[in-house]
Amino acid sequence: VHDLTEKAIDAAAGAGAGYADSRVVQRRAQLVATKNGEVDSVSDSETEGIGVRVLVDGAWGFAGDPRLSEEGARDAALRAVAFARASASRARTRVDLASIPPASGDYSAPVERDPVEVPLEEKIALCLRAEEGMRRPEVKITEATVRAMRETRVFRSSEGASVTQSFAECGAGIDALAVSDDGRVQNRSYPSAHGGSSAQTGWEFVEGLGLDREAPRVGEEAAALLTAPACPSGITTIVVDAEQMVLQVHESVGHPTELDRVYGTEAAYAGTSFLKPDDLGSLRYGSEHMNITADPTTPLGLGTFGWDDEGSPARRQPVVEAGVLTGYLASRETSALIGRDFGGSMRADNWSRMPLVRMTNLHLEPGTGTLDDLLADVDDGVYLCTNKSWSIDDKRLNFQFGTQIAWEIKKGKLGKMLRDPTYMGVTPEFWGRLDAVAGPEEWTMFGLTNCGKGQPGQHAHVSHGTSPGRFRDVQVGVRK
Amino acid sequence: VSRALDLAERAVKAAEGDQADASVHVESSGFARFADSAVHQPTLIRDETVTLRVVRDGRVGCATTNRTDDQGLAEAARHAAEAADSSPVDPGFAGLQEPAPAPTVEGYDEATAALTPEEQAEAAAEAIAGAPGLGLYGYYTSGVTEIGVASTTGLTASQAMTDVSVLTLAASEDSSGYAEATSWRASDLDPAAVAREAAEKAARTCGASEIQPQTFRAVLEPYAVSELLFYFAFTSLNALALLEGRSYLSGRLGEKLFDASFTLHDDGLDPRCYPKAFDMEGVPKARVLLVEEGVARDVVWDRRTAKQAGDGRVSTGHALAPPAQAFGPIPFNLAMAGGDAASVDELAERVGDGIYVTRLHYLGVVDPREGIITGMTRDGTFRIEGGKVTTPVVNLRFTTSFPALVAGLLGLTEGVTLVNRSDFYDERYPFGTLVPAVATDAFTVVGTGSGPGL
C-alpha cells in the first residue's frame, strides 16, 4: 500500500495539485453484545480504502475510494483535484498551511494480547458472566458489550512525509435497566455510559476493568434508583465524579477550543465557539484549579498516535493553565491563520473522510487530595455520577447535563441516593466555580468512541483523564 | 441486476452456513461543504459495504466488509461463520425473510444521479450567491445509494435511491438565520432561494434580547418539529423500546394521549418522502399508522421484535442491518398529517403571545419513558406578541415534554415539508420526516443562552 500512496500523490501532482496527501486505512473491528443472558450481536467488520486530499490553487478537494489498487488510487487523486479545481474558481481566499518538517517513521500501539485475536467465545463468556452479576428482580434488562479493533494507517504527502502507524483498541461496558411495576425506568452503567470505556492497547485492558466485580453494584444501584427520591432543584455545591467530568471537559472545553470552530468552519452543524483567536493568553476560562492539557502521547489514550492525519507529530500542549486559555486544538491550516503552531489535532474517521480538527487526549490535570477530601468540605450539596444526558449550545456556553445517579452530601458525608439529577451552567462561569480537583490517586482515563463532528459526519475516538472536581453555587435539579 | 443485488447474491453464495442473507449498500456521493461563503471541505465518496449474516445450527453470526472481490467476500464469510460458531443458539432469532414482492416506489432520479462534482460545486456557489453580505455556512450534497438484499430463502430485492440536500446558515457576528431543503430530485431544489430564506431570517435576528424562562405557547417551524419528532420516535416509536418498557408508549397503546389533530404514519411508499421498498432484511415496506387523531395506535417492528411480541405480530419492514439491530426497528419515513392553518402567520395568530422557533440544536433525551427532551433553539427565535412575530430573542434552553407538546397543539399548517434527518455518518442512507409547522401551548423553556450569530 506504500506504493499506492505514492502513486496517488504523483497523480494529484500531475493533475495540478500544489499540495497532496494520501492515506490508506485498513481496519478490522469486532463487536460482541449480550442482553438478558443471550447473545444480541456478534459482528466482525472490515473496511479499507484510500483517501486523497489536495490543494489546487489554494482550495481543498478530497476523494475516497475503496479500491486498494493503482486504478483506485489514481481515480481518488484525479477526482479530488477536479473537485478542488471546481471550488477554487470561486474561492475568495487561498488556504495556507503552517510549515512542518516532513514526518517519517513508524508508530505502534503497545499490545500484550491482540484484542481482535482473542477468541469470540471468550468475549461472549465475559459478557454473559458480567450480566449475571447484575441480575435483580427489578432489573429487567442487562446488557454487556465488548469491542476490539486493529487498524493500520499509511500516510504520505507531496512534501515528503511518509509514516506507517498501527493502532489497537478495545473496550467494554455493562448496563442495567430497572423498571418498576408502575413503569418508571432507571439505569446504571459501568465503567462508563454510552458503550463503556475503551483504550488503545491489548485485551489486558478489558480484563482489568473488573466487569464481574462491579456488576452486582451496578444492578443494585439501578434497582435502588426506582425508589430513590428525585434530586431537589436549587443552587448548591456539586461534586462531579471523574466519569461525568469526562463529559464536562469534552463538551465545554474540548469542542470550544477546536480552532476550526473558532474560525467558523463548523458553524452550520456542530456550531462555533465562544472563544475568539485574540482570547489566547488572556481569557479566564475558569478558576486557578483548572488545568487542561492536550496530550496525544498519553499511554493507552484513544487519541494517542505518532503523527496526526496530516503528518504533524504528537506532542503535549497546554490548553488552559491556572484557569487561563493558553492553547488551541489545531491543524496546519488553522495554525497558519492564528500565527501559532498548535497543530497536531487533525484526525479522520476513516479513509473516506477528510481530516478535521479533533480532540486527541484532553485531560483535566489532577489537583490534590482524595474524593473524600472534596466531600469533607461540603456542608450541603450533591455528588453526581455517570453521564446520562447532555446538551450544549452552538457556542459551547449554555449546557444542561444529566447523570444516572447522585447522592446528597450532608456535613461532608454522602447521604441518601437521588434519582434524575441534572445541572446547568454557562461554561466560563461554571469553571470559575471550580474550587478543588482531586489528586492523582483519583485521576482516571476514559476512552469514548462516539464524538461526532463534520459534514459528512465523522466519529472520533478520544480519551480524557480526569479527577473528581467540586463546584460551588451550581443550578441543580430536575427540569421537565 | 443492480450492483448492490449482484454483490448481495455473490456474498450469499460465498456464505458457509445452513442459511444466509446479505444486505449491501453502494454509495457514490459528493459533498460541497462551505464556510464563510467559500467551499471548504469538498468530499467525494465511493464505497460499497456488504453485511453477511449466516445461520449455523441455530447460531447466528455477522460480518461486514467493503472488500468485494471474491477473496474479500470469502473472508467475510469465514468471519461470519466464526461469529456464528462462537455464539450459543439464539432463541430470539426470527429466521430469514421469505421471498415477498416489494412495492414499486419512486425515489430515484437519473438527473440527480448524474450530477458531477463540478455541478455540485456550482450548486454550492449558487447558494453562496444567494446570501450576499453575510457569511454562508452549510453544504450542497447529492448522492446515489443502492440497496440490495439477497437470501438463501430465494429472496432478492434491490432499490436505487437518489438524494440531494442544501443546508444554509447565513450569519454575521450578531445575526444568524437558517434554511434547508431536501428531495430525491435535484430539480426540486433552488439553492439560492434556500440561502435567501436563511439570509432574510438572519436579518431579523439582530438585537436579540433575553426572555424570562417559562412554558410558552409557541410556533415551531418544520425544522424544529422534525428534530423533536425524530428524537421522540427513536426512543418511543420503536418496538424494542416498547417491549422493554422504555418507550413513552409502553402500556399506553390504544390510549388517547395527544391532541386530535396529531396523526402520524411511517410511510415508506410516500413519494413526498424518501421512498423505500423494503428494509435491510428484505421485508416489504407498508404504511404504518402510529398515531390516529391523538390515539397511540402502534410502533414499528422488525422480525425479531415481532417474534418477541408473539400474538401474530409481523414485521412492518423497519429492520436495520443485522449488526445494528440492537437499536431495534427505526421509523425512517415519518409523515405527520398537516392541519388547517394556511401559514405560520396564522399559527402565530393562534398563539397570541409566545415564541417562534426556527431550528433546534444538540438535542438530548433526558427521560425517554416520559418523552422529555432538552436542547437549544438557534438561528431564528422570536417573540410572538398580539398574534404577530415580532422581535428576536436569544437562544433558549428548552427541556420539554414532546407528548405534552403534541397534546397541546393549537394548530398545524396545511402544507408539510420534507426535512432531511441524515447527518451522513457511516454509509449514506437518505431519510427524513414529512412535517408541518405547528403551534402548541406547551413548549417549556428553562434557561437562556447566547445571542444569534457566530
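Each chain gets a letter, A, B and so on, in the order the sequences are listed, and its residues count up from 1. We use all heavy atoms of the structure for the numbers below, so side chains are in, but hydrogens, waters and symmetry mates are not.
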Q: Check step by step if salt bridge (charged side-chain N to carboxylate O under 4.0 Å, His left out) holds for B:E370 and A:R184.
A: CA-CA 9 Å; B:E370 296 305 320; A:R184 283 172 292 120; over 6 Å; no
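Residue A:D182 qualifies as enclosed at atom CG: its count of foreign heavy atoms under 6.0 Å is above 12. Few gaps surround CG on B:D85; more than 12 heavy atoms of other groups in view lie less than 6.0 Å from it.
A:R353 contributes a side-chain N or O that, together with a main-chain N or O of B:D426, makes up a donor-acceptor pair within less than 3.5 Å. Judged purely by atom type and a 3.5 angstrom limit, B:Y362 has no side-chain atom pairing as donor or acceptor with the backbone of A:F399. In this structure, A:K395 contributes its side chain and B:G453 its backbone to a donor-acceptor pair below 3.5 Å.
Residue contact with chain A, scored on non-hydrogen atoms closer than 4.5 Å, is absent for B:R53. Of the two parts of B:S37, the backbone and the side chain both hold a non-hydrogen atom closer than 4.5 Å to a non-hydrogen atom of chain A. Proximity to chain A (any heavy atom under 4.5 Å) is restricted, for B:E173, to the side chain, taken from C-beta onward. Heavy-atom distances place both the backbone and the side chain of B:A32 under 4.5 Å from chain A. For B:T65, the parts sitting under 4.5 Å from any heavy atom of chain A are the backbone and the side chain alike. Proximity to chain B involves both the backbone and the side chain of A:A82, based on heavy atoms less than 4.5 angstrom apart. In this structure, chain A has no heavy atom under 4.5 Å from any part of B:A171. The contact between B:Y139 and chain A is made entirely by side chain atoms (from C-beta outward), counting heavy-atom distances below 4.5 Å. Contact of B:R359 with chain A is made through the side chain alone, with heavy-atom distances under 4.5 Å. At a 4.5 Å heavy-atom cutoff, the contact between B:L454 and chain A is made by backbone and side-chain atoms alike.
Between A:K35 and B:E244, at least one side-chain nitrogen of the basic residue sits less than 4.0 Å from a carboxylate oxygen of the acidic one, meeting the salt-bridge criterion. At a threshold of 4.0 Å, the pair B:R33-A:E266 counts as salt-bridged, since one of the basic side-chain nitrogens sits closer than that to a carboxylate oxygen. Under 4.0 Å is where a charged nitrogen must lie from a carboxylate oxygen, and between A:E46 and B:R67 at least one such pair does.
Interface summary for chain A: among B:P42, B:P117, B:G364, the most heavy-atom pairs under 4.5 angstrom belong to B:P42. When A:T47, A:T34, A:L31, A:D40 are compared by the number of non-hydrogen pairs under 4.5 Å with chain B, A:T47 comes out ahead. Of the residues considered (A:G264, A:A268, A:P456), A:P456 shows the highest number of contacts with chain B, using heavy-atom pairs under 4.5 Å.
Residues B:N66 and A:W351 meet the side-chain proximity criterion, which asks for heavy atoms closer than 4.5 Å. By the 4.5 Å heavy-atom criterion applied to side chains, A:R85 and B:E118 are not counted as neighbours. When side chains are defined from C-beta on, A:R28 counts as touching B:H79, because their heavy atoms get closer than 4.5 Å.
Note that CD of B:Q325 is 11.5 Å distant from OG of A:S43, once rounded to the nearest 0.5 Å. Distance NZ/A:K123 to OG/B:S87: 12.0 Å, rounded to 0.5 Å. Atom CZ of B:R397 sits about 5.0 Å away from atom CG of A:N398, to the nearest 0.5 Å. The CE atom of B:M376 lies 7.5 Å from the OG atom of A:S391; values are rounded to the nearest 0.5 Å.
Between the side chains of B:Y137 and A:Q455, no donor N or O sits under 3.5 Å from an acceptor N or O.
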